[in-house]
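Everything on this sheet refers to the single structure shown next.
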Amino acid sequence: MSILVYIENVEGALKKSTFESLSYAKAVADLTGETATALSIGRVSQDELNKVGQYGIEKVIEVDNNDLEKFVNQAYASVIADVAKSMGATTVILSNSFSGKGLAPRVAAKLGAALADGAIALPTISGVTWQIQKTVFSNKAIATEELHEQKKVIALTPNSFEAKEAAVAVTIEKYEPQLAPNDLSTVIKEIVRATDKVSLPEASIVVSAGRGLKGPENWAMIEELADVLGAATACSKPVSDAGWRPHAEHVGQTGLAVSPNLYIAIGISGAIQHLAGVSASKTIVVINKDPEAPFFKVADYGIVGDAFEIVPQLIEAFKAYKN
Ligand code: FAD
């Protein structure tokens, strides 16, 4: 019995959430006394694959096949399940990223495994029964799920488990997948990057702004603050509804749920529907000119004041700190 951890890449570079999944897999392996093996699908350099050793994983199975160069949900799920079967893995771990959300239930169905999607902590293990915590109802509550099946698939919420550095040598083993025709019924012709900015669901810092910014013309300072911090930008629903920002940036009950290490909310009142998508953030900083704004109740740090005065000062301070 062993553990298989799927490692995601973007254009050949392993993602930050992948390092978290690797550390999580290593920690689960330490709990169960098993070994964890990484699985890479797609075109990833040996140098990049060797990085898994920095997180305590000694072996990578590499699937580099022309048909799998671009991410195809069904095909990748088949490969993950096949590799898990061939190595006798009873636990598959992946990130609950955009692609992981599509893969996890497919892999679980193919393996006849129990699924914990959106896990936020290590399992509590009692024989074959594992208890795992996950956020539910748009991060409003934490549920503990019990997995009774021998086989388990765990999709780890990005930013919920710290990637811990270790140093072990890595061996890389090639695997040639047997793909069925319907695995490749979807063909990705082209991938167009919508933006070069940090991806919002996986960002460790998010700078978010609301209607307090008055209009789209005032977002330059939000972008600048995000750039200085290496952060992703987000917004409240009315802001994207008004077309000030793209809908992809809308966070909350009806938008994306994010769980960064740092969420900076600027000119956002903190309505319950907004908080639903951001309250799992580790540290929340609120900048609002109204001391009674509800967001302050959930803030770790609050600045009462005018965003148009405070944000430029923060930008200058962070720039000075970096230099
Ligand atoms: P406002 O409520 O207008 O707040 C603006 C804030 O900016 C105020 O607190 C004000 O004090 C402050 N401000 C003004 N000027 C300044 C300044 N110069 N400097 C600093 N602060 C300033 N909302 C979401 O965000 N996400 C969702 O997913 C979502 N889903 C919803 C689903 C449903 C079914 C419903 C009914 C609503 C939903 N909403 C959602 C809307 C939500 O209820 C709020 O209306 C919305 O979050 C408010 O956005 P806001 O905070 O940007 O604007």
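Along the sequence shown, residues carry numbers from 1. Numbering of ligands and ligand atoms starts at 1, following listing order. Computation of the quantities below employed the complete heavy-atom set of this structure, encompassing side-chain atoms and omitting hydrogens, waters and symmetry-equivalent molecules. As the structure is a computational prediction, the values presented were derived from the model and not from experiment.
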ask   = Is N159 reaching over with its side chain to a backbone N or O of A203, donor-acceptor style, under 3.5 angstrom?
value = yes

request  = If the plane angle is over 60° it's perpendicular, under 30° parallel, otherwise tilted; pick one for H274 and Y263.
outcome  = tilted

ask   = Nearest 0.5 Å, what's the CG-CD distance between L156 and E20?
value = 6.5 Å

Nitrogen or oxygen atoms of G267 and ligand 1 under 3.5 Å apart = yes

Shortest protein contact, atom 36 (C) of ligand 1 (heavy atom only) = Q273 NE2, 3.9 Å

Per-atom contacts of ligand 1 with G305, taking only distances under 4.0 Å to non-hydrogen atoms = 19 (N), 20 (C)

task = Just jot down the ligand 1 atoms closer than 4.0 angstrom to any heavy atom of G255, in number order.
result = 28 (O)

message = Distance alone, cut at 3.5 Å: any donor-acceptor contact between the side chains of E8 and S95?
response = no

message = I'd like to check which ligand 1 atoms, numbered from 1 as shown, lie under 4.0 Å from a non-hydrogen atom of Q253.
response = 27 (C), 28 (O)

inquiry  = If the cut-off is 4.0 Å to any non-hydrogen atom of F308, which atoms of ligand 1 fall inside it?
reply    = 18 (N)

request  = Taking only Lys NZ, Arg NE, NH1 and NH2, and the carboxylate oxygens of Asp or Glu, determine whether R245 and E223 approach each other closer than 4.0 Å.
outcome  = yes

Pick from N288, D306, D290: the one approaching atom 8 (C) of ligand 1 most closely through a non-hydrogen atom = N288

message = Please evaluate residues T144 and Q131 with respect to the criterion side-chain hydrogen bond (donor to acceptor under 3.5 Å, both in side chains), reporting the C-alpha separation (whole Å), side-chain torsions for both, the decisive distance (0.1 Å), and the verdict.
response = CA-CA 6 Å; T144 302; Q131 289 192 340; 5.8 Å; no

ask   = Just which atoms of ligand 1 are under 4.0 Å from any heavy atom in G210?
value = 52 (O)

task = Flag V239 as yes when one of its N or O atoms lies below 3.5 Å from any N or O atom of ligand 1, and as no otherwise.
result = no

task = Compare K214, K237, R211 and give the one whose heavy atom is closest to atom 40 (C) of ligand 1.
result = K237

query = Taking N or O atoms only and a 3.5 Å limit, does A307 qualify as a polar contact for ligand 1?
reply = yes

ask   = Are P238 and ligand 1 in contact, using a heavy-atom cut-off of under 4.0 Å?
value = yes

message = Any atom of ligand 1 sitting under 4.0 Å from a heavy atom of V251?
response = yes

task = Could you list which atoms of ligand 1 come closer than 4.0 Å to a heavy atom of H274?
result = 24 (C), 25 (O), 26 (N), 47 (O)

remark   = Result for side chain to side chain contact (heavy atoms under 4.5 Å, CB included) between E58 and one of V168, T171, V170 points to V168

Part of L213 with heavy atoms under 4.0 Å of ligand 1, whether side chain, backbone, both or neither = neither

inquiry  = Assess whether a salt bridge exists between E224 and K319, defined as any Lys/Arg side-chain N lying under 4.0 Å from an Asp/Glu carboxylate O.
reply    = yes

query = Looking at CG of L179 and CG of L184, how far apart are the two atoms once the value is rounded to the nearest 0.5 Å?
reply = 5.0 Å

inquiry  = Quick check: do K152 and V128 have side-chain heavy atoms less than 4.5 Å from each other?
reply    = yes

query = For K134 and T157, what are the C-alpha separation, side-chain angles and deciding distance, and is it a side-chain hydrogen bond (donor to acceptor under 3.5 Å, both in side chains)?
reply = CA-CA 8 Å; K134 59 182 269 186; T157 297; over 6 Å; no

key: Options G252, G212, S269, G270, ranked by nearest heavy atom to atom 16 (C) of ligand 1, top entry   = G212

task = For atom 30 (N) of ligand 1, grab the closest protein heavy atom and report residue, atom and distance to one decimal in Å.
result = T254 OG1, 2.8 Å

note = atom 52 (O) of ligand 1 sits nearest the protein heavy atom S236 OG, 2.6 Å

key: F295, portion touching ligand 1 at heavy-atom distance under 4.0 Å   = neither

ask   = What protein heavy atom is closest to atom 20 (C) of ligand 1, reported as residue, atom name and distance in Å?
value = K289 N, 3.3 Å

inquiry  = If we count only N and O atoms by modelled type, under 3.5 Å, do the side chains of Q150 and T90 hold a donor and an acceptor together?
reply    = no

inquiry  = Could you tell me if the side chain of M221 sits less than 4.5 Å from the side chain of F308, heavy atoms only?
reply    = yes

Which of the ligand 1 atoms, numbered from 1, are nearer than 4.0 Å to a heavy atom of A271 = 42 (C), 43 (O), 44 (C), 47 (O)

